[in-house]
Amino acid sequence: MKKDFQKIRVIDSHTGGEPTRVVIEGFPDLGNGTMAERLEVFKSDFDNLRSAIVKEPRGHTAVIGALLCEPSDKNCIAGVIFFDNAGYLGMCGHGTIGLVRTLEYLGKIKTGKYKIETPVGIVEAELDENDFVTIENVPSYRYKKDVEVEVKSYGKITGDIAWGGNWFFLIQEHSFELKLENLEELKRFTISVRETLNKNEITGKNGHEVDHIEIFSPTEKADSKNFVLCPGHEYDRSPCGTGTSAKLACLYEDGKLKEGETWKQMSIIGSIFEGKVRIDNGKIIPIIKGNAFITAESELILDKDDTFCFGIR
Ligand code: PYC
């Protein structure tokens, strides 16, 4: 008997090395609410599809999913809900750059400026003739400066808590060399910091979990190099659009970056985003520029008889 498979069409890309898997067809209807409302339906009714799409055996721990939706705001070209191996993201900078290149690949957009609806607000994205994408993120800010935590085996660590579309703990002072050879050590350290923040109930605004940890070091090739721990214990191969936004907000608030001045943020693998801030009615609007490349166009097949149909959970 012919099997009744569920099929989901996706386009894969990478932005500065960090993968994005845009779901373009085959996902169940989440209703007509805002992206924040549809995110709740996604979480409660279809979380198994999140893991089916991004986790092994179809994906891997670094894949960020992006569900392409009809926007509820008609000024937007698209709506999007980002997700990963651990759960859901508010915004995703590298993912938005990947989404814009995907829309171009699909022939849905040409060069120009577009608005995109996310669960945490509307962002603007401009695709230029060199295939670079510049995004104007949601307003970003530092929530707490110089927060001290005692991290087991590492001692006293100080960082800032900032919002860039996701919650970040940003650490400037540490003893690590930011290079790929130190990946396991960097992960161990940042996971310990995250666990300490959780244990001590140190959160972002309204009790939101600080689920991204970002550490920095100087580099000759850019203004700064970072290592970003993502919620599912993977590291961001890109310089992290929302993490760079959080960083830009802190720099601006410290008087270290002026409005319109360029900041080059390098990732642990050497990819670079260019950042700036624009001030709008006192709000810090981060502007992030990067590029993405399409890597695959495929149809995921879900066979209910497969023990690992919904991913290795
Ligand atoms: O680019 O904002 C970003 C991001 C978040 C998690 C992975 N990448």
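Counting convention: from 1, in listed order, for ligands and their atoms alike. Residue numbers run from 1 in the order of the sequence given.
Legend: residues meeting salt bridge (charged side-chain N to carboxylate O under 4.0 Å, His left out) with Lys205, ordered by chain and number and at least two apart, are absent.
A distance limit of 4.0 angstrom between heavy atoms and ligand 1 selects the residues Glu18, Cys92, Gly93, His94, His212, Cys230, Asp236, Cys240, Gly241, Thr242.
Here Tyr143 and Trp167 bring their ring centres to under 6.0 angstrom of each other. The ring of Phe176 has its center no closer than 6.0 angstrom to the ring center of Phe227. Checked against the 6.0 Å centroid criterion, the rings of Tyr88 and Phe82 do not qualify as a close aromatic pair.
Put simply, the side chain of Thr102 does not reach to within 4.5 Å of the side chain of Arg21, judged on heavy atoms. At least one side-chain heavy atom of Arg313 sits under 4.5 Å from a side-chain heavy atom of Asn48.
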